[in-house]
A.B. asks: 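What follows is a structure written as structure tokens; I'll ask about it next.
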Amino acid sequence: MLPVLRLADAGEIKVADAVGRIADEFALTDQEREELLPSGRQAKIANRVHWSVTYLVKSGLVERPRRGYFAITPKGKSVLSSPPERIDIAFLSQFDGFDEFRTKANEDHPAEVEPTQDLAAGTPEERVEAAFEDLNAALREELLERILVMHPTAFEKLIVDLMLGMGYGANGSGERLGRTSDGGIDGVINEDVLGLDIIHLQAKRYATGNSIGVEKIREFAGALDERGATKGVFVTTSHFAPAAIQYAQRSPKRLILIDGEELTRLLVKYGVAVRGYRILELKKVDTDYFDEAEG
């Protein structure tokens with residue numbers, strides 16, 4: 001926030017221009033400038049500059065003379081006359097109106113919101129998305145724990161259901177095999193209605209400390225050969241040894257390996273074995289509405 005305030009001291013500045021100038025000041029690489037929030041909707045540097053301006057406005061150090069621009073106030077100039085080492089939430093709390101702005105959400109929902117003490121912990125969007133990721137991480141851990149104690153038949157069905165949930169299987173055409181005569185194939189998914197292109201599935205549950213070696217992938221590839229198949233998905237609750245991954249990558253067949261971490265990620269993403277229990281809708285100002293009103 002201190003660099004943003006210094007920019008404003010040079011005169012009225014457009015917020016969009018401030019993003020580039022701050023990126024230049026910190027010598028950000030192209031990759032860092034393009035880094036997005038987890039939602040993929042906005043660049044992280046732009047999000048932080050925009051919120052820095054908002055916080056400085058709420059503390060009275062800068063003002064918005066017109067839409068999309070900001071400028072320093074006499075109070076802001078006073079701060080820069082003897083600048084602190086940094087401007088953070090604790091520093092801004094000395095100014096009238098800022099704490100009211102920060103704590104309004106707590107007053108409305110005291111049991112749901114815990115204020116962050118420093119912008120370095122993330123902008124509001126970053127904190128929301130970080131909390132979302134934390135909740136999903138806990139959910140994925142619980143999923144894996146439950147999967148590890150499932151009956152083998154139920155686990156094989158789960159994998160078929162996941163493939164169907166991901167959009168594979170014409171008209172919901174998927175079948176769990178898992179019989180002693182299945183030749184190492186636990187399920188099949190028809191990619192088209194006539195079954196001209198088939199994906200074969202292998203599902204193995206192992207404790208997370210045990211890895212799937214290359215020999216298991218060779219056996220899977222051999223089972224595909226016996227069926228004249230070219231596409232296979234091998235799913236495990238543990239992980240694959242490097243040699244197994246290399247074998248799958250070099251194989252002339254299309255072999256996809258899904259480990260426990262990827263499995264739980266896909267289950268959450270496609271809503272298989274999980275369900276939504278709460279929806280939070282974030283809103284922003286409809287600028288088109290105000291453009292029309294002003295016109």
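Note that this is a predicted model, so its numbers are computed, not measured. Just so you know, residue 1 is the first one in the sequence shown, and it goes up from there.
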A.B. asks: Examine distances only and state if a side-chain atom of Thr264 and a backbone atom of Leu144 form a donor-acceptor pair shorter than 3.5 Å.
C.D. replies: no
A.B. asks: Under the 3.5 angstrom rule, does the side chain of Gln94 hit a backbone N or O of Phe91 as a donor-acceptor pair?
C.D. replies: yes
A.B. asks: For a quick test of reading the model, state the closest non-hydrogen atom pair linking Leu257 to Ala244 and the distance between them.
C.D. replies: CD1-O, 3.8 Å
A.B. asks: Could you give the distance from CG (Asn47) to CD (Gln42), rounded to the nearest 0.5 Å?
C.D. replies: 4.5 Å
A.B. asks: I need the full list of side chain to side chain donor-acceptor pair (under 3.5 Å) pairs touching residues 234-256, with sequence neighbours left out, sorted by first then second residue.
C.D. replies: Asp225-Lys253, Thr236-Ser238
A.B. asks: Could you please spell out the steps behind the side chain to side chain contact (heavy atoms under 4.5 Å, CB included) verdict for Leu263 and Ile147?
C.D. replies: CA-CA 10 Å; Leu263 170 60; Ile147 291 171; 4.2 Å; yes
A.B. asks: For the atom pair CZ (Phe220) and CG (Asp186), what is the distance rounded to the nearest 0.5 Å?
C.D. replies: 8.5 Å
A.B. asks: Hey, could you give me the CG/CD distance between Leu282 and Glu129, rounded to the nearest 0.5 Å?
C.D. replies: 8.5 Å
A.B. asks: Quick test of your reading of the model: are Arg146 and Glu142 salt-bridged, counting only N-O distances below 4.0 Å?
C.D. replies: yes
A.B. asks: Is Arg205 reaching over with its side chain to a backbone N or O of Met150, donor-acceptor style, under 3.5 angstrom?
C.D. replies: yes
A.B. asks: Grab the two heavy atoms, one from Ala27 and one from Glu32, that are nearest each other, plus how far apart they are.
C.D. replies: O-OE1, 4.3 Å
A.B. asks: Take a 6.0 Å sphere around CG of Asp286 and say whether it holds more than 12 heavy atoms from other residues, nucleotides or ligands.
C.D. replies: yes
A.B. asks: Within this structure, what is the OG1-CZ distance for the pair Thr54 and Phe70, rounded to the nearest 0.5 Å?
C.D. replies: 10.5 Å
A.B. asks: Can a donor-acceptor pair be found, under 3.5 Å and without considering hydrogens, that links the side chain of Arg33 to the backbone of Ile45?
C.D. replies: no
A.B. asks: Please report the interatomic distance CE(Met166) to CG(Leu267), rounded to the nearest 0.5 Å.
C.D. replies: 9.5 Å
A.B. asks: Check whether Ser78 reaches the backbone of Pro74 with its side chain - one donor and one acceptor, N or O, closer than 3.5 Å.
C.D. replies: no
A.B. asks: Going through the checks in order, is the side chain to side chain contact (heavy atoms under 4.5 Å, CB included) test met by Ile87 and Tyr55?
C.D. replies: CA-CA 10 Å; Ile87 294 179; Tyr55 285 179; over 6 Å; no
A.B. asks: Test Glu226 against Ile185 for side chain to side chain contact (heavy atoms under 4.5 Å, CB included), laying out the working first.
C.D. replies: CA-CA 11 Å; Glu226 292 178 6; Ile185 303 299; over 6 Å; no
A.B. asks: For residues Glu126 and Arg48, report the shortest heavy-atom separation together with the two atoms involved.
C.D. replies: OE1-NE, 3.0 Å
A.B. asks: Hey, quick one: are Trp51 and Phe132 part of the same hydrophobic cluster, counting side-chain heavy atoms closer than 4.5 Å, chains of contacts allowed?
C.D. replies: no
A.B. asks: Look at the side-chain heavy atoms of Ile, Leu, Val, Met, Phe, Trp and Tyr, link any pair under 4.5 Å apart, and say whether Leu266 and Val268 land in one connected group.
C.D. replies: yes
A.B. asks: Of all heavy-atom pairs between Ile159 and Ala203, which one has the smallest distance, and what is that distance?
C.D. replies: CG1-CB, 3.8 Å
A.B. asks: Are Ile258 and Val272 connected in a single hydrophobic cluster, I mean Ile/Leu/Val/Met/Phe/Trp/Tyr linked by side-chain heavy atoms less than 4.5 Å apart?
C.D. replies: yes
A.B. asks: Quick check on the hydrophobic clustering: are Val49 and Ile89 connected, directly or via other members, by side-chain heavy-atom contacts under 4.5 Å?
C.D. replies: yes
A.B. asks: Is Asp259 close to Arg265 at the side-chain level, that is, under 4.5 Å between some pair of heavy atoms?
C.D. replies: no
A.B. asks: Please determine whether salt bridge (charged side-chain N to carboxylate O under 4.0 Å, His left out) holds for the pair Arg218 and Glu215, giving the CA-CA distance in whole Å, both sets of side-chain angles, and the decisive distance to 0.1 Å.
C.D. replies: CA-CA 5 Å; Arg218 286 199 187 100; Glu215 66 282 353; 5.7 Å; no
A.B. asks: Under 4.5 Å between side-chain heavy atoms, counting indirect links through other Ile/Leu/Val/Met/Phe/Trp/Tyr residues: same cluster for Leu139 and Val128 or not?
C.D. replies: no
A.B. asks: Testing the basics here: between Lys216 and Phe234, what is the closest heavy-atom pair and its distance to 0.1 Å?
C.D. replies: O-CE1, 4.0 Å
A.B. asks: Distance-only criterion, 3.5 Å: show the donor-acceptor pairs between side-chain atoms of residues 5-18 and protein atoms not counting sequence neighbours.
C.D. replies:
{"from": "Asp9", "atom 1": "OD1", "to": "Lys77", "atom 2": "NZ", "distance (Å)": "2.9"}
{"from": "Glu12", "atom 1": "OE2", "to": "Arg66", "atom 2": "NE", "distance (Å)": "2.7"}
{"from": "Glu12", "atom 1": "OE2", "to": "Arg66", "atom 2": "NH2", "distance (Å)": "2.9"}

A.B. asks: Test side chain to side chain contact (heavy atoms under 4.5 Å, CB included) on Leu80 and Ile72; report intermediate values, then the result.
C.D. replies: CA-CA 10 Å; Leu80 288 184; Ile72 198 166; 3.7 Å; yes
A.B. asks: Heavy atoms, side chains only, cut-off 4.5 Å: are Ile189 and Val160 in contact?
C.D. replies: yes
A.B. asks: Please determine which of Glu35, Glu34, Glu125 meets the side chain to side chain donor-acceptor pair (under 3.5 Å) test together with Lys44.
C.D. replies: Glu35
A.B. asks: Rounded at 0.5 Å granularity, tell me how far CG in Leu61 sits from CE in Met1.
C.D. replies: 9.5 Å
A.B. asks: Can you give me the closest heavy-atom contact between Pro84 and Leu2, atom names plus distance?
C.D. replies: O-CD2, 3.5 Å
A.B. asks: Would one find more than 12 heavy atoms of other residues, nucleotides or ligands at under 6.0 Å from atom NZ of Lys58?
C.D. replies: no
A.B. asks: Is the CD atom of Glu25 crowded by more than 12 outside heavy atoms at less than 6.0 Å?
C.D. replies: yes
